[in-house]
Asker: 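Dumping the structure here so I can ask a few things about it.
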Amino acid sequence: MNNEKSCCCSAGNCSSIESITPYDKNDKWVAGELHTAKGKVPVISTKLHFKDILGAWKVRWGIGRMNYKINPGLYAIGKPDNTSPVLVSANYKLTFDVLRKELSGINCWLLILDTKGINVWCAAGKGTFGTDELVSRIMKTGLSEIVSHRKLVLPQLGAPGVSAHEVTKRTGFSVIYGPVRAKDIKAFLDSGYKATEEMRTVKFTMWNRLALTPIELVGAAKLSLTIFGVLFLINLFASRPFGLSDFIAYAGAVIMGTVITPMLLPLIPGRAFAWKGWLLGLLWTLGFIWYNGWLVSEFLLLAIGYLLVLPSLSAFLAMNFTGSSTYTSFSGVIKEMKIAVPLIALSSIAGIVLVLIKSLMA
Amino acid sequence: MKHRYLKNVATLNLACEKCIGCGRCAEVCPHRVFSINERKAQIVDKDPCMECGACAKNCPTNAITVKSGVGCAEAVIIGWFTGSEPSCGCSSDEGCC
């Protein structure tokens with residue numbers, strides 16, 4: 001299959017070799033091509049260009065994130081031969097870039113699975129980075145005729161989707177789980193497939209968390225547009241229209257939930273994400289009320305209203321970060337939500353009522 | 001600083017009598033929940049388990065069970081509204097992971 005790149009027989013030197021993996025020669029990351037027993041394979045550059053870096057930045061902000069992918073199939077790094085290692089990965093372009101930039105000076109094959117443009121770990125959770133796809137990709141690329149050994153190196157985080165013993169049973173290839181992070185792959189290959197405990201452990205550094213906050217902000221901004229629309233309508237007949245100070249109070253609570261809580265995550269006391277977000281939201285709101293001198297009888301209703309609604313908003317947004325985190329379990333999230341969601345709902349409703357009373361009947 | 005999520009919730013279970021000590025679980029676990037001692041796997045600390053299911057999927061003797069799923073509040077909420085099993089809603093432009 002994958003013979004989209006037709007062989008150009010017009011020149012008379014047709015080698016009858018078709019491409020195993022369809023690719024566009026104009027892509028900067030394609031450095032050349034390699035001929036194998038089964039057909040041509042694109043050779044991949046291990047350098048990132050400006051376009052790749054821009055692309056990574058865009059998907060972090062949610063621009064075209066669900067369609068940032070490359071063709072699944074077999075690729076070459078350097079000058080691999082039939083004894084070179086085979087690394088398996090996902091067809092999310094961001095994943096592909098992170099991997100290939102760590103492979104300079106290495107000769108290996110890359111077997112890219114069709115994960116619908118999703119990263120390895122999430123795709124493994126969904127099963128698209130899975131046993132069936134791996135087995136069928138081995139068959140489709142004719143891998144067993146390209147390499148003489150029978151070993152595959154999979155990223156460790158692919159393990160939730162792949163059953164190593166089943167792959168061996170169905171294809172004869174044995175599965176070796178490599179390190180969690182691409183940056184360790186060279187050391188892993190050099191050491192004869194030995195991963196240290198450190199290489200096997202998932203981390204969630206402040207930098208990791210910060211990289212995930214833009215997408216949280218974008219999500220919250222979309223939700224906020226609806227809220228602003230409603231507030232605009234209310235302003236048409238409010239005796240105390242919503243203004244800049246209300247906007248700042250709101251924006252602060254959103255940033256607490258989507259940026260500051262994720263950033264400071266392990267430093268904030270407590271374990272539940274909603275709790276952590278609520279705590280920071282409360283600190284923000286208290287600070288804001290105090291700074292604006294709203295602790296007088298005239299503004300008390302508004303102050304209490306905001307104290308009920310804004311920390312709840314931060315709590316909700318922080319709770320949604322569980323999906324981006326690398327350590328929350330389904331059972332844990334359910335337990336957290338059973339307590340947090342009703343509290344968030346009640347507190348928000350009470351707060352909204354108080355704020356509206358102040359705003360409409362001041 | 002180490003991340004810790006809720007205690008005593010993980011559904012992870014290991015049937016020691018079925019274990020052949022191959023070590024796959026210890027190899028794949030992203031939070032180092034298992035260790036191998038005298039050719040038997042054991043659960044060192046269950047609380048860091050995030051129920052990804054890698055160990056169960058790669059256990060050749062089915063000695064490990066875990067109710068795996070996505071630890072994602074947004075997916076759970078979408079599941080409530082659509083009446084479906086929570087899964088990462090990566091099909092849309094928003095969503096987790």
Side-chain angles (χ1 to χ4, degrees), chain A residues 62-66 116-119 121-126 131 156-166 175 177 180 195 197 200-204 215 218-219 222 265-267 271-274 316 319-337 340-341, chain B residues 1-12 22-33 35 46-62 66-80 85-97:
Chain A
I63 305 165
R65 179 160 161 258
M66 290 302 145
K116 320 286 174 204
I118 305 289
N119 70 70
W121 208 9
C122 285
K126 293 164 88 74
T131 309
Q156 187 190 325
L157 294 185
V162 175
S163 180
H165 50 277
E166 207 186 315
V175 170
Y177 286 109
V180 166
E197 278 293 297
R200 291 235 172 271
T201 309
V202 164
K203 290 176 195 159
F204 202 33
I215 201 84
V218 169
K222 284 180 184 166
L265 202 61
L267 303 171
R271 294 191 178 209
F273 281 45
F316 181 77
M319 189 179 76
N320 276 349
F321 195 67
T322 50
S324 302
S325 85
T326 60
Y327 68 99
T328 54
S329 61
F330 180 69
S331 303
V333 167
I334 291 289
K335 187 181 178 187
E336 163 165 358
M337 290 182 77
V341 170
Chain B
M1 210 162 165
K2 215 170 155 57
H3 297 276
R4 304 289 292 185
Y5 198 45
L6 309 189
K7 284 180 279 191
N8 305 322
V9 287
T11 53
L12 180 67
C22 72
R24 273 289 190 196
C25 51
E27 183 183 349
V28 296
C29 177
H31 294 292
R32 319 316 292 147
V33 167
S35 78
K46 203 195 260 193
D47 285 335
C49 172
M50 60 174 292
E51 301 177 329
C52 71
C55 51
K57 188 96 182 175
N58 283 278
C59 178
T61 59
N62 297 319
V66 58
K67 190 181 176 299
S68 63
V70 288
C72 172
E74 198 172 325
V76 174
I77 293 171
I78 293 167
W80 283 347
E85 277 287 298
S87 81
C88 265
C90 293
S91 49
S92 75
D93 209 36
E94 289 172 80
C96 45
C97 70

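Any value given below was found using the heavy atoms of this structure, including those in side chains, with hydrogens, waters and symmetry copies removed.
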Asker: Starting from the C-alpha separation in whole Å, work towards a yes-or-no answer on side chain to side chain contact (heavy atoms under 4.5 Å, CB included) for A:V175 and B:R24.
Answerer: CA-CA 11 Å; A:V175 170; B:R24 273 289 190 196; 4.2 Å; yes
Asker: Which distance, rounded to the nearest 0.5 Å, do you find between the CZ of A:R200 and the CD of B:E27?
Answerer: 4.5 Å
Asker: Which heavy-atom pair separates A:T131 from B:K57 by the least distance, and what is that distance?
Answerer: OG1-CE, 4.2 Å
Asker: Could you tell me whether the side chain of B:N58 and the main chain of A:V162 form a donor-acceptor pair under 3.5 Å?
Answerer: yes
Asker: If you count heavy-atom pairs under 4.5 Å with chain A, which of B:K7, B:M50, B:K67 comes out on top?
Answerer: B:M50
Asker: Checking heavy atoms, do the side chain of B:R4, its backbone, both or neither come under 4.5 Å from chain A?
Answerer: both
Asker: So, B:H3 side chain and A:F204 main chain: donor-acceptor pair closer than 3.5 Å or not?
Answerer: yes
Asker: Working note: A:F330 + B:T11, criterion side chain to side chain contact (heavy atoms under 4.5 Å, CB included); need CA distance, chi angles, decisive distance, verdict.
Answerer: CA-CA 9 Å; A:F330 180 69; B:T11 53; over 6 Å; no
Asker: Locate the shortest heavy-atom distance separating B:A73 from A:T322; write the atom from each residue and the value.
Answerer: N-OG1, 2.9 Å
Asker: Do you know which of B:S68, B:C29, B:P60 has the most heavy-atom pairs with chain A at a distance under 4.5 angstrom?
Answerer: B:P60
Asker: Which answer fits B:C59, side chain, backbone, both or neither, if we ask what part of it has an atom under 4.5 Å from a heavy atom of chain A?
Answerer: backbone
Asker: Within the distance-only criterion (no hydrogens, no angle test), does the side chain of A:S329 pair as donor or acceptor with the backbone N or O of B:E51 below 3.5 angstrom?
Answerer: no
Asker: By a 4.5 Å heavy-atom criterion (distance strictly below it), what part of B:C49 contacts chain A: side chain, backbone, both, or neither?
Answerer: backbone
Asker: Is it the backbone or the side chain of A:S325 that comes under 4.5 Å from a heavy atom of chain B, or both, or neither?
Answerer: neither
Asker: So for B:C22, is it side chain, backbone, both, or neither that comes closer than 4.5 Å to the heavy atoms of chain A?
Answerer: neither
Asker: Atom NE2 of B:H31 and atom OG1 of A:T201: how far apart are they, to the nearest 0.5 Å?
Answerer: 9.0 Å
Asker: Checking A:E197 against chain B: side chain, backbone, both or neither under 4.5 Å from a heavy atom?
Answerer: both
Asker: Is chain B contacted by the side chain of A:F321, its backbone, both, or neither, given a heavy-atom distance below 4.5 Å?
Answerer: neither
Asker: Mind checking whether B:I77 and A:M319 have side chains closer than 4.5 Å, heavy atoms only?
Answerer: yes
Asker: On a heavy-atom basis, which atom in A:R271 and which in B:Y5 lie closest, and how many Å separate them?
Answerer: NH1-O, 3.0 Å
Asker: As an exercise: rank B:P30, B:A26, B:G69, B:A56 by heavy-atom pairs under 4.5 Å with chain A and give me the winner.
Answerer: B:P30
Asker: Among A:K116, A:Q156, A:K203, which has the most heavy-atom pairs under 4.5 Å with chain B?
Answerer: A:Q156
